[in-house]
Amino acid sequence: MPSIRHLIFILGDQLSPNLASLRDADPAQDVILMCEVMAEATYVRHHKLKIAFIFSAMRHFAEELRQQGFTVRYRRLDDEGNKGSFREELRAAVAELSPDCVIVTEPGEWRVLEDMKGWRQLLGLPVDIRADDRFLCSHKEFRDWASGRKELTMEFFYREMRRKTGLLMEGDHPAGGRWNYDAENRKPASPDLLRPKHKSYKPDALSQEVIALVEERFGDHIGRLDRFGFAVTRAQAETVLESFIRDFLPQFGETQDAMLVGDPFLNHSLISFYINIGFLDPLAVCRAAEEEYRACRAPLNAVEGFIRQIIGWREYVRGVYWLKMPGYTELNFLEAKRPLPGFFWTGETDMKCLSTVIDETIDHAYAHHIQRLMITGNFALLAGIDPFQVHEWYLEVYADAYEWVEAPNVIGMTQFADGGILGSKPYAASGNYISKMSDYCQHCRYDVKKKVGEGACPFNALYWDFLDRNGEKLSANRRLAQPYATWRRMSDEQRGTYRKSAQGFLKKLEAGEKV
C-alpha cells in the first residue's frame, strides 16, 4: 500500500467540503477516517431520530467523498471489531495505515477537545488540530470582544457581526435604520390549511439500514423512527433551504414566537440540523435570505430576525460556551434541585402546552426556539428543576443539539443557572404569556385565567413563587423591577395564597402524581 501522508479524521458534525482539515486534502496521498462509535451515541441517551440522522448523514457524506476520489475508512457501529470510541478507532487506523500525520478540525464539545489534546502522545505522531472556521467569530475574537465588559450583551455582539459580514448594511448603517426588528416579530398565529408543507425526504436504502440499526441498538431511547424525514445529503439540505426561502421566509418574522396545536413547524426554517452538522454554510444561508430582502420578496423584519438567529445568537452562544468551559454546565446560580419530572420523557401531563411540545419532541426530535424557551424551559425554571438534568434532556432529545449550542441556551438562557452571564434576566413567565402566544390554553383542563387553587393554570402560582423564593438573588435585577414591585404591593394573604398553591403543585410533582 502506498505511504499515507495525512489521515484526516472527520467527526459526525463536520460534514462539509469546506472543513479546515479537508482544505489541502489530496486523494492520492491522504485517507479519510469516519466512524460511528457507541461512546458518542450513548454519553447521553440521544433521541433515536438524532442518532439515525447523524449516522445516515455521515454515511452519505462518506459516499460523496468517495465519489470525489478519496479513500474513506468508514467504521459502522455494527462492524465487527468496532472499538467503540474515537481514540481507539483512531489508534487502530494509525496502526494499520502508518500515516505521517493526523489532521482533524477542532470539535464542538469541550470534552472531545480535551481527549483530542492527548492524541499526539497516544499515537506517537503529529496531530494537527485545526480551528473550525465554519464559524464567523473565532475563539480569540470572542475573547477579545468579551474582555473588560461588565455584561456580555448579545445585541452588541450581533451588531459587530453585522458590520463584519456586511449583512443588511447600508454603508455603516443598518438597513432600514434599525438593528433589530424583534418587536414586530411577536404576533400569535392562527391555523392555516393553505400553509405550504415543509420539505422532507423518505428514507433511502442507506437511511433504512441506519434506522434498523438504531431501533435494534437504541430501542429504549426516547423517540420514534417512523417519522424520519431528514435531508441526509448536502444537495437535499440545499433544497430544504430553497423551500424555506421561497415558501416560509416572508411570513417567518411575525409568527416566529407563535405556537399552535397540530402545527409544530409553522414558518420556521428547519435548517438548524443541517447548519450544525455541516451541510449548510451559515454565511451562505444568511446571504440567500438577505437577497430576498434586496429583491423585495421578503420583509426586513423577517429577514433580519432570521439572520440574527444565525450570526447573532448562534455565534454568541458558541463564544460563551468556549469562554466559560469547563464548569459551565455545572453552574446552578438559583440552587435548583428538583429532579426532572418523568413526563418530560412521555408527555403525560394535563398541562396542554407541555404535553404538546413534549409529544412533538418525541415525534420529531424538534421544537422551535420559543417552545424550548417559554414552555419546557420556563416550566423547569419556575419549578426549580436541577439545571444539569434539564441540560442533559435538551442535549438528548433535539436532533440539532450539540453541547456548544445547547448548554448556553439551557444553562444560561432558559434556566438562568449562570447568574446572568448569557442573558440579563431569567425568562420566567406566567400562563398569560403562553395564552397570548399560542392556542394551547384553549385545549387545556387548567384555566389560564384562574390564578390559584384547583383547576388553576400551574404556571400562574409557580411564577410568583419563583420570584418569591429567589428574591434575595433576583430582586435587584433591573429587568425584574416591575414584577417585584407588583409582588410587594400584594397583601400578605394574596402572597400566601400564591405560595400555598405553588407548593401544593410542587408536592404532587415530587410525588410523581400526574399533573
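This one's a predicted model, so the numbers in the text were calculated from it and none came from an experiment.
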TODO: Would you check if Arg338 and Gln389 make a side-chain contact, meaning some heavy-atom pair closer than 4.5 Å?
DONE: no

Task: Exam field: side chain Arg75 to backbone Gly81, donor-acceptor pair closer than 3.5 Å - done: yes

Open item on the list: Regarding Arg246 and Glu242, does a basic nitrogen lie under 4.0 Å from an acidic carboxylate oxygen?
Closed with: no

Using residues 279-287 as the side-chain source, report each donor-acceptor pair under 3.5 Å to any protein atom, sequence neighbours left out, with the distance given to one decimal.
| unit_1 | atom_1 | unit_2 | atom_2 | d |
| --- | --- | --- | --- | --- |
| Asp281 | OD2 | Leu283 | N | 3.3 |
| Asp281 | OD2 | Ala284 | N | 2.8 |
| Arg287 | NH2 | Thr165 | O | 3.2 |

Open item on the list: Do the side chains of Arg372 and Asp400 get close enough for a salt bridge, i.e. N-O under 4.0 angstrom?
Closed with: yes

Task: His60 vs Asp204, side chain to side chain donor-acceptor pair (under 3.5 Å): CA-CA, chis, key distance, verdict - done: CA-CA 10 Å; His60 283 86; Asp204 61 11; 2.7 Å; yes

Task: Pairwise ring-ring contact (aromatic ring centres under 6.0 Å, His included) hits with a residue in residues 216-236, at least two apart - done: Phe53-Phe230, Phe218-His221, Phe228-Phe230, Phe230-Phe273

Task: Note, Phe142 side chain near Val320 side chain (heavy atom, < 4.5 Å) - done: yes

TODO: Provide the closest heavy-atom pair for Asp359 versus Thr346 in the form atom of the first, atom of the second, distance.
DONE: OD1-O, 3.7 Å

- [ ] Would you check if the side chain of Ser438 reaches a backbone N or O of Ile434 as a donor-acceptor pair within less than 3.5 Å?
- [x] yes

Open item on the list: Minimum heavy-atom separation for Leu77 and Leu213, please, with both atom names.
Closed with: CB-CD2, 4.0 Å

TODO: Would you confirm whether Tyr440, through its side chain, and Leu354, through its main-chain N or O, come within 3.5 Å as a donor-acceptor pair?
DONE: no

- [ ] Would you mind checking if Glu291 and Arg294 are paired as a salt bridge, meaning a charged N to carboxylate O distance below 4.0 Å?
- [x] no

Open item on the list: What's the separation between atom OG1 in Thr329 and atom CD1 in Ile411, rounded to the nearest 0.5 Å?
Closed with: 6.0 Å

TODO: Would you mind checking if Arg87 and Asp115 are paired as a salt bridge, meaning a charged N to carboxylate O distance below 4.0 Å?
DONE: yes

Task: Pairs satisfying salt bridge (charged side-chain N to carboxylate O under 4.0 Å, His left out), at least one member in residues 64-74, at least two apart - done: Glu63-Arg66, Glu64-Arg234, Arg73-Glu96

Open item on the list: Under 4.0 Å between a side-chain nitrogen and a carboxylate oxygen: does that hold for Arg195 and Asp263?
Closed with: yes

TODO: Assess whether side-chain contact (heavy atoms from CB on, under 4.5 Å) is satisfied between Thr414 and Leu381, documenting all intermediate values.
DONE: CA-CA 7 Å; Thr414 77; Leu381 175 69; over 6 Å; no

- [ ] Could you tell me whether the side chain of Val397 reaches within less than 4.5 Å of the side chain of Trp345, counting heavy atoms only?
- [x] yes

Open item on the list: Please check: side-chain N/O of Asn82 versus main-chain N/O of Arg76, any donor-acceptor pairing under 3.5 Å?
Closed with: yes

Task: Set of ring-ring contact (aromatic ring centres under 6.0 Å, His included) partners for Phe248, sequence neighbours left out - done: His198

Open item on the list: So, using salt bridge (charged side-chain N to carboxylate O under 4.0 Å, His left out) as the criterion, who are the partners of Lys436 when residues are at least two apart?
Closed with: none

Task: Residue pair Tyr446 / Phe459, side-chain heavy-atom distance below 4.5 Å - done: no

Task: Test: Glu40 and Arg111 ion pair at under 4.0 Å - done: yes

Task: CA sep, side-chain torsions, deciding dist, call: Asn378, Tyr427, side chain to side chain donor-acceptor pair (under 3.5 Å) - done: CA-CA 7 Å; Asn378 182 29; Tyr427 277 81; over 6 Å; no

Task: CA sep, side-chain torsions, deciding dist, call: Phe344, Ile222, side-chain contact (heavy atoms from CB on, under 4.5 Å) - done: CA-CA 10 Å; Phe344 269 68; Ile222 191 173; over 6 Å; no

TODO: Report yes if the side chains of Met116 and Phe9 come closer than 4.5 Å at any heavy-atom pair, otherwise no.
DONE: no

Task: Name of the residue among Arg186, His268, Gln309 meeting side-chain hydrogen bond (donor to acceptor under 3.5 Å, both in side chains) with Gln256 - done: Gln309

Open item on the list: Closer than 4.0 angstrom, basic N to acidic O: yes or no for Asp220 and Arg45?
Closed with: yes

- [ ] Would you indicate whether the side-chain heavy atoms of Tyr293 and Leu167 approach each other to under 4.5 Å?
- [x] no

Open item on the list: Using a 6.0 Å distance limit plus a 45 degree cone around the ring axis, check whether Lys164 lies over the aromatic ring of Phe157.
Closed with: no

Open item on the list: Would you say the rings of Trp322 and Phe135 are close, in the sense that their centroids are separated by under 6.0 Å?
Closed with: no

Task: salt bridge (Lys or Arg N to Asp or Glu O under 4.0 Å), paired with Arg318, selected from Glu403, Glu106, Glu109, Glu406 - done: Glu106

Open item on the list: Test of understanding: with ring-ring contact (aromatic ring centres under 6.0 Å, His included), list the residues that count as partners of Tyr398, not counting sequence neighbours.
Closed with: Trp393, Tyr394

Task: Contact check, side chains of Ile275 and Arg314, non-hydrogen atoms, under 4.5 Å - done: yes

TODO: Check whether any side-chain heavy atom of Leu15 lies under 4.5 Å from a side-chain heavy atom of Met58, and answer yes or no.
DONE: yes

